[in-house]
Amino acid sequence: MTGNLPDCSAFLDAKGQVLRELPDFARDAETLITLYSMMVKTRVFDAKAIALQRTGRLGTYGSSLGQEAISVGVASAMSEADVFLPSFREHGGQLWRGVSMEELLLYWGGDERGNDFAGPRQDFPVCIPVASHFPHAAGVGLGLAHKGTGGVAVAIAGDGATSKGDFYEAMNVVGVWELPAVFVINNNQWAISMPRAEQTRAETLAQKAVAAGLPGEVVDGNDVIAVREATNRALDRARAGQGGTLIECLSYRLSDHTTADDASRYREDAEVSRHWKTEPLVRLRTHLVAEHGWSKDDEEALLRDSRTETEAAAERYLAMSPQPARAMFDHLYATAPPDIAALAKEMGDG
Amino acid sequence: MTGNLPDCSAFLDAKGQVLRELPDFARDAETLITLYSMMVKTRVFDAKAIALQRTGRLGTYGSSLGQEAISVGVASAMSEADVFLPSFREHGGQLWRGVSMEELLLYWGGDERGNDFAGPRQDFPVCIPVASHFPHAAGVGLGLAHKGTGGVAVAIAGDGATSKGDFYEAMNVVGVWELPAVFVINNNQWAISMPRAEQTRAETLAQKAVAAGLPGEVVDGNDVIAVREATNRALDRARAGQGGTLIECLSYRLSDHTTADDASRYREDAEVSRHWKTEPLVRLRTHLVAEHGWSKDDEEALLRDSRTETEAAAERYLAMSPQPARAMFDHLYATAPPDIAALAKEMGDG
Amino acid sequence: MADLTMVEAIRMALSRALEDDPDVIIFGEDVGIDGGVFRATDGLMQRFGAARVRDTPLSETVIAGMAVGAATQGLRPVAEIQFMGFLYSAIDQLANHAGRLRNRTRGRLSCPMVLRAPFGGGVKAPEHHSESMEAMLAHIPGLRVIVPSTPARAYGLLLAAIRDPDPVVFLEPKRLYRALKEPVANDGIALTLDCALVVRDGSDLTIIAWGAMVAEVGRAADALAERGISSEVIDLSSLKPIDRSAVRASVQKTGRCIIVHEAPLTAGLGAEIAADLAEHCLTSLLAPVVRVTGYDTVMPYAQLEDRYMPDAARIQAAAQHVMEFA
Amino acid sequence: MADLTMVEAIRMALSRALEDDPDVIIFGEDVGIDGGVFRATDGLMQRFGAARVRDTPLSETVIAGMAVGAATQGLRPVAEIQFMGFLYSAIDQLANHAGRLRNRTRGRLSCPMVLRAPFGGGVKAPEHHSESMEAMLAHIPGLRVIVPSTPARAYGLLLAAIRDPDPVVFLEPKRLYRALKEPVANDGIALTLDCALVVRDGSDLTIIAWGAMVAEVGRAADALAERGISSEVIDLSSLKPIDRSAVRASVQKTGRCIIVHEAPLTAGLGAEIAADLAEHCLTSLLAPVVRVTGYDTVMPYAQLEDRYMPDAARIQAAAQHVMEFA
Ligand SMILES: Cc1ncc(C[n+]2csc(CCOP(=O)(O)OP(=O)(O)O)c2C)c(N)n1
Ligand SMILES: Cc1ncc(C[n+]2csc(CCOP(=O)(O)OP(=O)(O)O)c2C)c(N)n1
Ligand SMILES: [Mg+2]
Ligand SMILES: [Mg+2]
């Protein structure tokens with residue numbers, strides 16, 4: 001069974017104590033509050049999404065409970081020119097990048113329009129087939145390098161994803177072509193019912209980078225500062241033409257795999273409880289309170305605002321009229337061949 | 001471009017000098033002569049196969065020139081209970097295991113009967129889709145372990161094969177399930193026109209084992225003693241229930257990729273010439289001469305015998321009557337469904 | 001004889017196979033302690049041990065390829081792909097290896113493996129979880145492709161697939177996993193592979209379907225019967241090889257044929273059946289052979305999937321069209 | 001206007017595309033200094049530089065997936081799979097991503113990529129080098145699948161594929177690479193995609209084929225003409241989408257149809273065409289629609305491949321059968 005997390009690079013420990021000199025960005029109260037706020041918002045959004053699913057108003061949904069620091073930390077390090085390629089559990093990163101809650105709900109509610117975000121137009125939609133977006137990230141990196149935009153492709157997936165050949169093949173080409181691409185692993189210790197230890201004999205997932213001649217490192221994925229700092233360094237390397245990096249972020253999936261899963265079938269409550277002690281929000285809050293005067297009122301206001309925003313998004317989502325059936329033919333091709341055009345017409349507006 | 005080979009574990013250097021204490025088997029003249037003889041025979045067979053191809057009597061053929069020590073070394077370490085899963089360039093290993101020259105010619109001549117060897121009935125036929133037999137080796141290892149035969153699956157493929165996801169996925173499961181499987185890489189520095197350096201940024205191919213938590217090692221693939229010794233150790237580990245190993249054998253493809261290839265399009269003659277100095281036969285011959293009284297007569301007799309055997313096999317191959325066309329339906333299923341049976345019947349014996 | 005759902009019947013067949021034959025092993029993602037995401041293997045690891053029912057890493061290529069390798073060593077692997085949308089990575093192993101190992105070695109090696117995968121829509125699953133790409137598999141020489149349509153059929157066909165000496169892809173219509181129950185005896189009796197089943201006798205037209213569509217066709221046939229149209233319904237069951245004589249015999253009798261499947265129209269398996277009729281039953285045909293299928297577009301997300309999949313209404317409309325043809 | 005072989009015409013189209021559009025890039029195994037194993041990219045790396053014509057590691061999944069990613073960034077990747085037998089590992093990327101990226105993002109992202117692959121038999125290549133599995137690709141929503149049958153068609157269709165804003169699989173009949181020459185102008189003019197081409201007018205029967213089989217059909221048609229049978233020959237060219245109206249129009253005229261392809265019969269693309277006729281042209285059909293195809297078995301090794309593939313004799317026999325049908 002999965003035990004406690006091994007020691008790894010962190011700036012804040014689980015109790016919010018500063019372990020080593022903070023990077024510049026983490027000495028700025030505003031920055032830290034923004035990071036914290038997005039993590040809280042993500043958690044509030046998660047809860048709402050699950051509630052919607054439980055009441056039949058959303059499809060199967062995978063919560064990011066406990067892993068908010070990873071995708072918020074990663075996304076917060078990225079620039080607009082970069083391209084984010086998320087897996088299905090990185091809601092916080094998508095929100096940070098500018099995808100709206102309403103769009104996320106649309107997607108998880110089973111409506112393609114959720115992928116047509118107004119926000120980061122160049123970002124990829126969620127990738128469901130595990131690890132199959134790593135090759136895209138290599139290609140995006142190739143494209144960005146070719147166009148000389150200075151942008152970097154940043155793909156994120158889970159610990160399970162590291163067992164797929166796609167992950168390996170993509171790392172390999174990123175390595176040998178020195179593509180500007182950063183691969184992040186949200187190692188939440190579980191792939192549905194499969195504990196990390198049974199996924200691979202490798203001691204760390206970061207060490208898999210050795211196979212591609214890439215640098216790989218392990219960071220505490222519950223410390224948003226550590227995640228952002230590691231991502232910063234990886235992005236700098238990529239922008240400097242030094243190629244890709246693999247970052248393993250250690251965290252823990254505090255929730256079921258998705259709303260369709262019942263994790264009590266395969267793991268002990270005690271293990272979950274233990275990991276609640278190291279989750280990412282408390283430590284940052286403690287630090288904010290201790291160092292930056294974060295007050296009870298601030299906290300309550302943040303929660304209230306997050307809930308208001310989430311509720312409003314949910315209401316807009318629920319009020320949206322569905323696409324007409326013929327929308328299934330829209331955008332299949334840039335120009336519909338005769339058969340497709342005929343089908344769309346036949347279906348009418350009903 | 002690919003330079004000289006890095007230093008790596010060898011017992012005999014290119015000049016046949018003993019570099020370190022020989023393993024027991026390599027102090028036995030008879031064993032060494034058997035190894036040497038099979039390497040010579042393989043080279044003679046290769047030349048004949050190419051001649052047959054050039055005169056339109058064989059299909060596209062990939063020579064193993066310069067890499068004879070690898071598959072002979074590997075196969076010679078294996079027992080009968082083990083299962084060999086070769087790629088398309090490991091004729092020496094197949095011959096050692098008991099596949100006949102005639103069967104090899106049949107296969108490369110485009111006749112399925114070449115895979116129905118009288119010899120090692122459990123061995124796999126040649127695998128053409130690069131690296132796709134590594135998953136088989138994992139499964140064979142699983143089967144052997146399940147049946148408790150003490151057998152080990154031994155798969156071999158080229159440097160290019162290490163870029164395929166199949167290789168990685170298979171290593172990973174071998175690692176985490178501790179399967180009795182040995183993966184050998186014939187790193188002949190080229191994958192068709194792709195030099196090793198452009199295949200991956202990894203410094204060695206052996207280090208790819210790190211990704212699966214497997215031990216990996218680099219040996220001098222031109223030293224049959226080193227190859228056999230490393231394979232012995234890997235097999236021992238596997239038989240002792242300690243799981244798999246990756247062995248990278250450094251060698252050089254002295255020939256074109258296949259008879260359909262023209263390597264002068266993409267590499268310098270000088271590079272090839274340089275590698276002729278380190279090829280595997282000379283060093284062992286020198287050692288045999290110096291230490292075990294191998295004489296000119298012995299050498300000539302060996303060459304004569306090898307040629308006689310090869311010519312006889314080629315004659316038998318050329319004399320074989322082809323399969324009837326309906327043979328294409330044989331063995332599609334254990335029991336032919338009606339359509340297939342009808343097709344076979346319809347085709348008659350013509 | 002217990003009333004079982006399809007997923008229970010599948011579990012019973014797997015359990016029976018594990019009991020009867022020590023060479024049967026099961027592996028796939030989450031098939032162990034979790035019992036499979038649909039619970040098809042629930043309790044089997046606990047009962048038969050982790051050496052026989054085993055969770056694999058997240059590697060579809062290896063799941064299929066390891067099954068090939070294990071099958072050559074006398075095991076009978078029953079491997080699971082969690083959803084058909086993730087089976088594409090296994091196609092290389094199916095087409096380049098499983099389907100040809102016996103043929104290319106002239107019978108020396110064989111590949112008695114089963115690859116199970118839930119498939120099809122109708123449960124409002126996330127993207128990539130509702131595909132029906134059985135035609136791609138049915139095109140691969142050397143495979144068998146089986147789809148059950150009821151719990152009892154699932155039990156008997158799965159036992160047959162596991163006992164078959166050649167590779168079988170066993171596709172389970174997830175929409176039916178819990179949709180209905182029927183009595184299923186744990187009698188260890190395998191059904192015969194390669195056979196279609198006439199599930200309803202009729203005289204006016206033949207309707208061919210498989211998997212979840214068989215029930216949909218049944219509903220349509222009921223409605224048609226009320227309007228005096230007598231449908232013969234065939235559950236194709238074996239998608240490869242196709243039981244062509246059963247299909248032809250029915251169409252020769254009725255003179256009309258509709259084929260129903262969830263997969264997209266173009267190059268779907270319905271085409272093969274219609275083509276077979278256009279060659280072998282042309283003179284019997286009183287009306288066009290009509291296919292009622294998923295449309296030639298990407299399977300839409302949950303909100304529109306009902307509008308994508310054939311339903312009784314579309315089947316009835318096609319039947320009406322065929323009956324009125326003159 | 002030079003007389004070119006098909007492989008030369010392909011090279012000229014690639015070269016033209018690289019000249020005309022700085023966003024066009026080429027990658028694949030051995031496409032660089034070696035110029036591709038069939039020399040389709042010979043000299044292109046030398047001329048356009050290694051940043052635009054680039055050898056990939058031996059990774060088909062990444063070749064296809066990297067093309068998807070690069071295509072979203074405004075590049076026009078023309079990626080090569082060395083032989084169709086190694087394309088299976090790319091199917092996941094084609095089906096789960098390339099074919100649906102535009103649709104699933106409601107047009108926000110698109111995938112203007114071309115995946116080239118030599119396919120088909122007839123050159124006595126080793127095992128796994130002679131497959132024709134185009135039907136599997138034609139079943140995937142959102143793709144285009146194109147097969148040229150002559151050098152000039154290859155030039156114009158490849159340019160069209162590269163300029164198309166959506167993913168195209170471009171399958172090159174390797175048997176034709178050097179089989180014949182024809183004048184091909186480097187005029188930069190793309191042919192229209194999605195269209196079949198009537199390559200021979202006739203009145204007694206329609207014969208439909210693509211790729212290398214078009215020439216084989218031509219030989220059969222010559223022989224049939226000597227016996228007074230007039231064949232209309234259609235080069236399907238676009239396997240997805242199918243130009244159904246062209247096929248139907250011809251069969252409505254001739255009343256008879258034969259379809260020829262190298263791929264195995266069952267669930268091959270011929271089925272789709274026959275099925276379309278069985279639905280839409282039934283009353284025009286004077287005879288069964290006959291498919292002359294590869295057999296439903298593994299492509300045999302070189303010694304027997306001639307006996308596997310359709311040839312003029314088999315096509316003639318089928319035509320005779322269809323003409324004599326009453
Ligand atoms: C290729 C593929 N195989 C199987 C699945 C089904 N599946 C969805 S999530 C999942 C586990 C993923 O685990 P991990 O990569 O650790 O990500 P996490 O869910 O923990 O975020 C599986 C097996 C899938 N989506 N894609
Ligand atoms: C999956 C796959 N892709 C492409 C090919 C075509 N091909 C045959 S051999 C080869 C190069 C193999 O290089 P390597 O693995 O180093 O083996 P070597 O030929 O050097 O022994 C390629 C690309 C193939 N057989 N299989
Ligand atoms: Mg995980
Ligand atoms: Mg090599």
Side-chain angles (χ1 to χ4, degrees), chain B residues 83 85 107 111-118 121-129 132-147 149 151 153 155 164-166 168-177 179 181 323 327-340, chain C residues 22-23 25 27 51-52 54-75 77 79 89-90 92-93 95-97 99-113 141-144 164-167 193-195 238 240-245:
Chain B
V83 177
L85 299 100
Y107 176 78
D111 187 321
E112 289 81 356
R113 290 173 298 180
N115 286 332
D116 186 18
F117 3 104
R121 297 289 288 171
Q122 76 281 23
D123 281 7
F124 269 55
V126 156
C127 182
I128 299 281
S132 60
H133 57 318
F134 285 123
H136 304 161
V140 169
L142 177 66
L144 293 169
H146 204 87
K147 298 264 180 186
T149 64
K164 279 285 282 181
D166 313 42
Y168 168 72
E169 290 193 10
M171 265 202 312
N172 191 57
V173 79
V174 164
V176 72
W177 286 15
L179 297 173
Q323 299 181 98
M328 72 176 80
F329 303 109
D330 291 348
H331 309 294
L332 181 64
Y333 298 100
T335 312
D339 288 4
I340 301 296
Chain C
D23 290 331
I25 56 165
F27 53 78
R52 294 188 68 199
R54 196 155 183 186
D55 287 322
T56 62
L58 209 165
S59 314
E60 281 77 11
T61 302
V62 135
I63 290 172
M66 193 159 58
V68 172
T72 64
Q73 300 308 305
L75 294 186
S89 308
D92 185 48
Q93 285 293 335
N96 274 336
H97 294 294
R100 51 175 99 194
L101 194 56
R102 179 189 293 279
N103 181 266
R104 71 193 282 258
T105 62
R106 307 280 78 194
R108 182 172 62 82
L109 296 177
S110 65
C111 197
M113 64 179 268
L143 298 185
R144 279 187 167 77
D164 192 80
D166 289 306
L193 295 179
D194 306 352
C195 289
S238 174
K240 184 180 191 74
I242 292 171
D243 186 350
R244 295 175 192 267
S245 59

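Please read all numbers here as calculations on a predicted model, not as lab measurements. Residue numbers begin at 1 in each chain, while the letters A, B, ... track the order of the sequences.
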Exercise. Looking at C:G74, C:C111, C:A71, which has the largest count of heavy-atom pairs under 4.5 Å with chain B?
Worked result: C:G74

Problem set entry | Residues C:V62, B:N172; criterion side chain to side chain contact (heavy atoms under 4.5 Å, CB included); working and verdict | CA-CA 9 Å; C:V62 135; B:N172 191 57; over 6 Å; no

Exercise. Taking the side chain as C-beta and beyond, is there a heavy-atom pair between B:V176 and C:P57 under 4.5 Å?
Worked result: yes

Seminar exercise, completed: Here the pair of heavy atoms bringing C:N96 nearest to B:P129 is ND2-CG, 3.8 Å

Problem set entry | C:N103 (side chain) donor-acceptor with B:F329 (main chain) under 3.5 angstrom | no

Exercise. Taking atom OH of B:Y333 and atom CG of C:D194, what is their separation to the nearest 0.5 Å?
Worked result: 7.5 Å

Exercise. Taking C-beta and beyond as the side chain, do C:R244 and B:P338 meet within less than 4.5 Å on heavy atoms?
Worked result: no

For this session: Taking all non-hydrogen atoms of both residues into account, name the closest pair between B:H146 and C:I25 and its distance.
Result: CE1-CG2, 3.5 Å

Problem set entry | Polar side-chain atom of C:R108 near backbone of B:R121 as donor-acceptor pair, under 3.5 Å | yes

Problem set entry | Part of B:F124 lying under 4.5 Å from any heavy atom of chain C | both

For this session: Starting at OG1 of C:T61, measure out to NZ of B:K164 and round the result to the nearest 0.5 Å.
Result: 8.0 Å

Exercise. Under a 4.5 Å heavy-atom cut-off, does chain C meet the side chain of B:A137, its backbone, both or neither?
Worked result: neither

Exercise. Which atoms of C:R100 come close to chain B, meaning under 4.5 Å heavy atom to heavy atom: side chain ones, backbone ones, both, or neither?
Worked result: neither

Seminar exercise, completed: Nearest heavy-atom approach of C:P141 to B:L332 is C-CD1, 4.4 Å

For this session: Search all heavy atoms of B:C127 against all heavy atoms of C:H97 and return the closest pair with its distance.
Result: SG-CE1, 3.8 Å

Seminar exercise, completed: Cut-off 4.5 Å, heavy atoms of chain B, and the answer for C:S110 is neither

Exercise. Do C:Q73 and B:T149 pass the side chain to side chain contact (heavy atoms under 4.5 Å, CB included) test, and can you show the C-alpha distance, the side-chain angles, and the key distance before you say yes or no?
Worked result: CA-CA 10 Å; C:Q73 300 308 305; B:T149 64; over 6 Å; no

Exercise. For C:P112, is it the side chain, the backbone, both, or neither that has a heavy atom closer than 4.5 Å to a heavy atom of chain B?
Worked result: neither

For this session: Would you mind reporting whether B:D339 and C:P241 have side-chain heavy atoms less than 4.5 Å apart?
Result: no

For this session: Select one option (side chain, backbone, both, neither) describing which atoms of B:V174 are under 4.5 Å from chain C's heavy atoms.
Result: neither

Exercise. Going through the checks in order, is the side chain to side chain contact (heavy atoms under 4.5 Å, CB included) test met by C:R106 and B:N115?
Worked result: CA-CA 7 Å; C:R106 307 280 78 194; B:N115 286 332; over 6 Å; no

For this session: Against chain C, label B:Y107 side chain, backbone, both or neither, depending on which of its atoms sit under 4.5 Å from a heavy atom there.
Result: side chain

For this session: Let me see the working for C:T105 and B:H331 under side chain to side chain contact (heavy atoms under 4.5 Å, CB included), right down to the final yes or no.
Result: CA-CA 8 Å; C:T105 62; B:H331 309 294; over 6 Å; no

For this session: Measure the shortest side-chain to side-chain distance between B:Q122 and C:T72 over non-hydrogen atoms and say whether it is less than 4.5 angstrom.
Result: no

Exercise. Which residue out of B:A145, B:G139, B:A153 racks up the most heavy-atom pairs below 4.5 Å with chain C?
Worked result: B:G139

Seminar exercise, completed: Counting heavy-atom pairs under 4.5 Å with chain B, the top scorer among C:S59, C:A51, C:P167 is C:S59

Problem set entry | Side chains of C:D92 and B:D166 in contact at under 4.5 Å (non-hydrogen atoms) | yes

For this session: Examine whether an atom of C:D243 lies under 4.5 Å from a heavy atom of chain B, and if so say whether it belongs to the side chain, the backbone or both; otherwise answer neither.
Result: neither

Exercise. Can you tell me how far the CZ atom of C:R102 sits from the CG atom of B:D330, to the nearest 0.5 Å?
Worked result: 11.5 Å

Exercise. Can you tell if the side chain of B:E169 reaches within under 4.5 Å of the side chain of C:I63, non-hydrogen atoms only?
Worked result: no

Exercise. Of the listed residues (C:A64, C:G142, C:G107), which shares the most heavy-atom pairs with chain B below a 4.5 Å separation?
Worked result: C:G142

Exercise. Under 4.5 Å between any side-chain heavy atoms of B:S132 and C:Q93, yes or no?
Worked result: yes

Problem set entry | Student check: side-chain heavy atoms of B:P337 and C:K240 closer than 4.5 Å | no

